[in-house]
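Computed over heavy atoms, backbone and side chain alike; hydrogens, waters and symmetry mates excluded.
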Amino acid sequence: MSFSDPIDRRGTHSSKWDAMESLYGVSAEDGLAMWTADSDYGTAPCVIDAVRKMADHGVFGYMPIHDDYLNAIQWWMKERHSWEIDTSWILTAQGLGNAIALCLDVWTEPGDRVVTFNPVYHEFRMKIEKAGRKLVACPLKRVGDSYELDLEDAQSRLDGNEKMLVWCSPQNPSGRVWSSEELRAVADFAARNDLILVSDEIHHDLVFSGQTFVPIHVAAPAVSDRLIALTSASKTFNIAGQRTGNMIIPDARLRSEMKNRLNTLDYKPGSVALQMITAAYSPEGAAWVDAQIAHLDENRRIFDAAIKEIPGVYSMPLQATYLAWVDFSGTGMSHQEIANRVLKTARIAPSDGPEFGPGGETFLRFNLATQRANVIDACARLKEAFSDLQ
């Protein structure tokens, strides 16, 4: 199956396509869904084969978290990210949104302050606010084509009541890959302020040529006593609907505290998800991911070239993820006018920049994990919607 083979997701209860009209006013009949972070092409053949094998067997009974599953995760982290983990460190959550909520529940109390670096994945803010915690949004510094940390500014925003830092690596929405030096600085910041460090590394597999993702535990092993690293096969293999992710916790005390909470909630992953992830984290899965990255790289090139032709619009160079972070500030238009042109004229539904917090006010985020024809169509629509500027 090619990544550009057409697959119609409409009418399948797809959040991305079937909820688009109610959320954005863009009909799936003639619109393009480029918002939520899942892909429009099928998953790896080895994953589909695992599901087919289960279907052929016909029994979907209880299944414990088993060694094949744990060993596959361990193998993947070592093979793909040079990260040596012990299988005992791995706990399973119902996706990374659930994992963040669990971390807030276990290691903070209502009213505690939780730090993020913005703009950042909007679920961080939503989970913090839903839990009754207080968000401390520290701005990243825009420097040319990228964002940089400003830890001196961040320090000035703390009052000593902070309990946790929720960190994003690679960075969503900008696609920034952090260097080892930057990761060590973040780890030092967390230690200096006695913060539990929750590192969302869900996009770690989707990194473009010339860039190297480094797990924060590899860059800063001294952070082990306060680290919860979150990883998942969901974005990499387009299986987010399985709602399964990893909490990798090197510290025995922290791991025991989270394990006790999971036991209290009686949470265990579903058998289909376990088998899909076991199959994904394999040499066959790795080859499929490499092919996917090549497809995304060309989508990225086509999209960026088209955006460059629209005066006042700028797509920040993607180092990782499939999410293009596009700045419309140079048009001089209000955010509402920009949104109207994209939603109503171009009939494209991207993610709204202000959702990502301070620094996102002039941006929209476009999901490029789709068929090549959709990217080409989106480029033509955007150029037409802003044709009066050309």
Hey, are [X] and [Y] close enough for a salt bridge, meaning a charged N less than 4.0 Å from a carboxylate O?
X: D5; Y: R372; value: no
X: R52; Y: D49; value: yes
X: R381; Y: E384; value: no
X: D30; Y: R347; value: yes
X: D153; Y: R157; value: yes

Test item: [X] side-chain N/O and [Y] main-chain N/O as donor-acceptor pair under 3.5 Å:
X: R125; Y: F356; result: no
X: W107; Y: K163; result: no
X: Q171; Y: P119; result: yes
X: S256; Y: R253; result: no
X: T321; Y: H203; result: no
X: S146; Y: V143; result: no
X: R261; Y: N263; result: no
X: N238; Y: Y41; result: yes
X: D18; Y: R10; result: no
X: R176; Y: L318; result: no

Is it true that [X] and [Y] have ring centroids separated by less than 6.0 Å?
X: F3; Y: W288; value: yes
X: F328; Y: F386; value: yes
X: Y24; Y: W35; value: yes

How many angstroms lie between [atom1] in [X] and [atom2] in [Y], if you round to the nearest 0.5 Å?
X: I248; Y: I85; atom1: CD1; atom2: CD1; answer: 4.0 Å
X: W83; Y: I216; atom1: CH2; atom2: CD1; answer: 10.0 Å
X: T370; Y: R9; atom1: OG1; atom2: CZ; answer: 8.5 Å
X: N98; Y: D105; atom1: CG; atom2: CG; answer: 10.0 Å
X: H204; Y: H81; atom1: NE2; atom2: NE2; answer: 4.0 Å
X: I202; Y: N172; atom1: CD1; atom2: CG; answer: 9.0 Å

If you measure only the distance, is there a donor-acceptor pair under 3.5 Å linking the side chains of [X] and [Y]?
X: H66; Y: Q275; result: yes
X: W76; Y: D205; result: yes
X: D304; Y: S315; result: yes
X: D40; Y: W17; result: yes
X: E337; Y: S334; result: no
X: Q292; Y: Y322; result: no
X: Y314; Y: W325; result: no
X: E29; Y: S27; result: no
X: H217; Y: S224; result: yes

Original post:
Under a 4.5 Å side-chain heavy-atom rule over Ile, Leu, Val, Met, Phe, Trp and Tyr, are W178 and F213 clustered together?
Top reply: no

Subject >> Hphob cluster co-occupancy, L265 + M258, side-chain heavy atoms under 4.5 angstrom >> reply: yes

Taking atom [atom1] as the centre, does [X] end up with more than 12 heavy-atom neighbours from other residues, nucleotides or ligands that are less than 6.0 angstrom away?
X: E152; atom1: CD; result: no
X: R80; atom1: CZ; result: yes
X: E257; atom1: CD; result: yes

**OP:** Carefully, step by step, assess D159 and R113 under the rule salt bridge (Lys or Arg N to Asp or Glu O under 4.0 Å).
**Re:** CA-CA 9 Å; D159 67 7; R113 287 158 59 89; 3.1 Å; yes

Subject >> Test side chain to side chain contact (heavy atoms under 4.5 Å, CB included) applied to I239 and T43, V51, V272, D38, the passing residue >> reply: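 Going through T43, V51, V272, D38 one by one, the side chain to side chain contact (heavy atoms under 4.5 Å, CB included) with I239 is satisfied by T43 alone.
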
Original post:
Which is it for N193 and Q155 under the side chain to side chain donor-acceptor pair (under 3.5 Å) test, yes or no, and what are the steps along the way?
Top reply: CA-CA 9 Å; N193 293 286; Q155 190 67 51; 2.8 Å; yes

Subject >> Close side-chain approach of N118 and P358, heavy atoms under 4.5 Å >> reply: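 The answer is yes; the side chains approach within 4.5 Å.
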
**OP:** Taking the side chain as every heavy atom from C-beta outward, state whether M247 and L230 have any pair of such atoms under 4.5 Å apart.
**Re:** yes

Subject >> Sole candidate of T244, T278, T92 that passes side-chain hydrogen bond (donor to acceptor under 3.5 Å, both in side chains) when paired with Y69 >> reply: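 The option that passes is T92.
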
